[in-house]
> 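Quick one: this structure, given as structure tokens, is what I'll be asking you about.
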Amino acid sequence: MDFDYDLFVIGGGSGGVRAARTAAATGASVALAEESRLGGTCVIRGCVPKKLMVYASGYGEMAEEARAYGWEFGEGRFDWRPFREKLHAELDRLEGVYGRLLDGSGVEVYDRRAKIVDPHTVELADGGRKTAAHILVATGGRPVRPDMKNAHLGMVSDDVFDLDELPKSILIVGGGYIACEFACILHGLGVEVTQFYRGAQILRGFDDEARGLIADSMRARGIDLHLGTNIVEMCPEAEAGDSVRHHGTDSDAAGANGVAEAAPGTKGPVWVKATNGDEKVYDAVLFATGRKPNTDGLGLEEAGVTLARGGAIEVDEYSQTDCPSIYAIGDVTDRVNLTPVAIREGMQFVETVFKGNPTPVDHALIPSAVFTQPELGTIGLTEEAAREIEPVEVYCSSFKPMQSAFAESPERVLMKLVVSVETRKILGCHIVAPEAGEMIQLAGIAVKMGATKEDFDRTVAVHPTMAEEIVTMREPVRRS
Ligand SMILES: Cc1cc2nc3c(=O)[nH]c(=O)nc-3n(C[C@H](O)[C@H](O)[C@H](O)COP(=O)(O)OP(=O)(O)OC[C@H]3O[C@@H](n4cnc5c(N)ncnc54)[C@H](O)[C@@H]3O)c2cc1C
């Protein structure tokens, strides 16, 4: 049977673009549909703008520290608007780069929504239909608000990058990495940040000791973090009436008439009642409480593709769905929701389908970072998970790094190795420190290669660095 294309990719984010380009490089005829902007979540409303905001938010503290080193500055102030303008210019530039990369690879791009009609046919938003030997679904995910009255008053992560002005105060709801990163970013930019998380500790799924240290550091910086806390009720401040007047607001968002001005771009001052009984008005509320795979209305189930309970596409180790001609990669499969993983899944799909070399996706030992202040870099098992599996030794060092100790900052860093008693292999490595993301990328190579504790011990320290501690820890702090 003749098809219009060998491959039709739905979604022009991290995974889809890479898969389309690498498939086209094998000589395949490839088309890609993107309903919004090329680059997807990572480039337009995720990793890239977030990391640029992480950088922006760090300079205030850096300037403070510089003073302790003898530098003199006047009063510093962060101006959001020129930053936002530059940020968006950079995102436009990157979007253009993605478009040119696809063009240069010979991929035909349709800038509209696509859905599946049958195992070999997609329909575009303009009604046009295209057939393909294979369809790759790479539609990613989107942030969702909790199911509660007035939840629309809260922003989601996508909205932060488009704010006209920064709010004076914000309530961030959630304890995952996106919530914690935005708490640190916005605090660093001068916003008064309160964070509610309903669980007992932030960053569920990461190593407990690392989670504890990050929570302490966030609080020490001035983030008002409330654990075991959630919103019971919320409404526009103007509707809160007596309740607000009685309980007042300790946010300086309130104007002369007692009603706070809405920060442009936010949904306006919101009165919030918390599970701990507190009532307060915030300039803005940000829900970072979860994401959902983009599978609604895609025609997947009609084509024989099985969806999991949360709507994610079920795939095998080759990213193939229950419909043999349809594959899925990236966040829409809800396996490991990170950009390099979506890219890797895309490349292994091409290897399997277009290069005749079936290659299962390797999800073991993926290094990752949380860009809080300080950062967390992590690979492998947490101490808690490892000791459920086998006897382990834990090597751990928490100390004040030279740079901030000199500035008399209380900041501590953490270096931790979880080691198998039987094989001596490093099962997990967890670093809480400035630039921990950079450190874990390199330590990750050794861990992925199967390095043992003794391999780390044989490696000579680089002095004076924070990272040298990772090869100089001699005695385990615990065996379990
Ligand atoms: C705030 C935030 C911060 C993040 N930080 C990091 C980080 O630091 N490091 C990291 O590795 N990961 C990070 N991530 C996760 C990362 O962005 C995702 O894992 C990654 O973008 C997933 O890529 P993807 O190709 O699966 O989907 P996406 O990048 O989401 O791309 C999917 C694309 O499909 C399009 N689309 C959807 N439906 C259709 C349709 N029917 N027709 C046509 N087009 C469609 C969408 O518009 C989108 O462009 C972050 C995410 C967020 C939200």
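First listed ligand is number 1; within each ligand, the first listed atom is number 1.
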> Could you give me the CA-CA distance, side-chain angles and deciding distance for Asp216 and Arg412, then say whether side-chain contact (heavy atoms from CB on, under 4.5 Å) is met?
CA-CA 10 Å; Asp216 290 349; Arg412 299 188 75 80; over 6 Å; no
> Evaluating non-hydrogen atoms only, which member of Gly346, Cys47, Ala288, Ser14 is closest to atom 13 (C) of ligand 1?
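Answer by nearest heavy atom: Cys47.
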> Does an N or O anywhere in Gly15 fall below 3.5 Å from an N or O of ligand 1?
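Min N/O separation from ligand 1 is below 3.5 Å for Gly15.
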> Which ligand 1 atoms does Ala138 reach within 4.0 Å, using its non-hydrogen atoms?
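That gives atoms 32 (C), 33 (C), 34 (O) of ligand 1.
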> What atoms of ligand 1 come closer than 4.0 angstrom to any heavy atom of Ala33?
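Numbered from 1, ligand 1 contributes 43 (C), 44 (N).
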> Please name the residue in the list Leu186, Val191, Thr194 that meets the side-chain contact (heavy atoms from CB on, under 4.5 Å) test with Ile172.
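Single side-chain contact (heavy atoms from CB on, under 4.5 Å) partner of Ile172 among Leu186, Val191, Thr194: Leu186.
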> Please write down residue, atom name and distance for the protein heavy atom closest to atom 19 (O) of ligand 1.
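Its nearest protein heavy-atom neighbour is Asp331 OD1, 2.8 Å.
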> State, yes or no, whether a side-chain contact exists between Arg93 and Glu90 at a heavy-atom distance under 4.5 Å.
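Yes, side chains in contact.
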> Is the shortest heavy-atom distance from the side chain of Glu301 to the side chain of Thr295 under 4.5 Å?
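Glu301 does not reach Thr295 side chain to side chain.
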> Counting non-hydrogen protein atoms only, what is the nearest one to atom 45 (C) of ligand 1? Give residue, atom name and distance.
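Protein heavy atom with the smallest distance to atom 45 (C) of ligand 1: Glu35 CG, 3.6 Å.
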> Which of the atoms in ligand 1, numbered in the order shown and given with their element, are less than 4.0 Å from a heavy-atom of Leu338?
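Those of ligand 1 that fall under 4.0 Å from Leu338 are 10 (C), 11 (O), 12 (N), 19 (O).
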> What do you reckon, does Ala114 have a nitrogen or oxygen under 3.5 Å from a nitrogen or oxygen of ligand 1?
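Yes, at least one N or O pair falls under 3.5 Å.
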> With no hydrogens and no angle check, is any side-chain donor or acceptor of Ser105 less than 3.5 Å from a backbone partner on Leu101?
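Yes, the answer is positive, given that a donor and an acceptor are paired below the 3.5 Å cut-off.
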> State whether Arg100 and Asp103 are salt-bridged, where the test is any N-O pair (Lys NZ or Arg NE/NH1/NH2 against Asp/Glu carboxylate O) under 4.0 Å.
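No, this pair does not count.
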> Could you go through the side-chain contact (heavy atoms from CB on, under 4.5 Å) check for Glu192 and Asp224 one step at a time?
CA-CA 8 Å; Glu192 185 188 302; Asp224 190 15; over 6 Å; no
> What pair of heavy atoms forms the shortest contact from Leu286 to Ser157, and how long is it?
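Nearest pair, atom of Leu286 first, then Ser157: CD1-N, 3.7 Å.
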> Between Tyr5 and Phe8, how do the two ring planes meet: parallel, tilted or perpendicular, split at 30° and 60°?
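Perpendicular.
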> Side chain or backbone of Lys50 under 4.0 Å from ligand 1, or both, or neither, by non-hydrogen atoms?
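Looking at Lys50 and ligand 1, just side chain atoms fall under 4.0 Å.
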> Taking the basic N atoms (NZ, or NE/NH1/NH2) and the acidic carboxylate oxygens, is any pair closer than 4.0 Å for Arg142 and Asp331?
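No, this pair does not count.
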> Should you measure from each heavy atom of Asn337, which atoms of ligand 1 turn up under 4.0 Å away?
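With Asn337 as reference, the close atoms of ligand 1 come out as 15 (C), 19 (O).
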> Indicate yes or no: does an N/O atom of Asn294 lie under 3.5 Å from an N/O atom of ligand 1?
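Between Asn294 and ligand 1 (N or O atoms, distance only) the closest approach is not under 3.5 Å.
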> Within ligand 1, which atoms have a heavy atom of Arg291 less than 4.0 Å away?
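The list of qualifying atoms is 53 (C).
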> Considering only the protein, which heavy-atom contact is closest to atom 47 (O) of ligand 1, and what is its distance?
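Here the nearest protein heavy atom works out to Glu34 OE2, 2.6 Å.
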> Backbone or side chain, does any N or O of Glu181 fall under 3.5 Å from an N or O of ligand 1?
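Among all N and O atoms of Glu181, none is under 3.5 Å from an N or O of ligand 1.
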> Please confirm whether Thr339 comes within less than 3.5 Å of ligand 1 when only nitrogen or oxygen atoms on both sides are compared.
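Yes, there is a polar N/O contact under 3.5 Å.
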> With no hydrogens and no angle check, do the side chains of Glu345 and Ser319 hold a donor and an acceptor under 3.5 Å apart?
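Short answer, no.
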> Within ligand 1, which atoms have a heavy atom of Arg113 less than 4.0 Å away?
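Within the 4.0 Å cut-off of Arg113, ligand 1 contributes 40 (C), 41 (N), 42 (N), 43 (C).
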> Does NZ belonging to Lys425 count more than 12 external heavy atoms closer than 6.0 Å?
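Counting neighbours around NZ of Lys425, 12 or fewer heavy atoms of other residues, nucleotides or ligands fall under 6.0 Å, so no.
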> Short list, please: which atoms of ligand 1 are under 4.0 Å from a heavy atom of Pro340?
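Result: 11 (O).
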> Report, in ascending order of atom number, the atoms of ligand 1 lying under 4.0 Å from any heavy atom of Gly330.
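Those qualifying, in numeric order: 26 (O).
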> Looking at Arg112, I'd like to know if its CZ atom is crowded, meaning that more than 12 non-hydrogen atoms belonging to other residues, nucleotides or ligands lie closer than 6.0 Å.
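Counting other residues, nucleotides and ligands, CZ of Arg112 exceeds 12 neighbours.
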> Check Ile10 against ligand 1 and report side chain, backbone, both or neither, counting heavy atoms closer than 4.0 Å.
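The answer is the side chain of Ile10.
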> Relative to ligand 1, is Leu298 under 4.0 angstrom through side chain, backbone, both or neither, heavy atoms considered?
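Under 4.0 Å from ligand 1, Leu298 contributes side-chain atoms alone.
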> Nearest protein heavy-atom contact for atom 21 (O) of ligand 1: which residue, which atom, what distance?
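Scanning the protein heavy atoms, the shortest distance from atom 21 (O) of ligand 1 goes to Cys42 N, 3.3 Å.
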> Just distances here: any N/O of Ser157 and N/O of ligand 1 closer than 3.5 Å?
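No, since none of the N or O atoms of Ser157 sits under 3.5 Å from an N or O of ligand 1.
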> Just need the protein heavy atom nearest to atom 34 (O) of ligand 1, so name the residue and atom and give the distance.
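Here the closest protein heavy atom is Gly11 CA, 3.2 Å.
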> Based purely on interatomic distance, does Tyr177 place a nitrogen or oxygen under 3.5 Å from a nitrogen or oxygen of ligand 1?
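Looking only at distances, the answer is yes, because the N/O contact criterion of under 3.5 Å is met.
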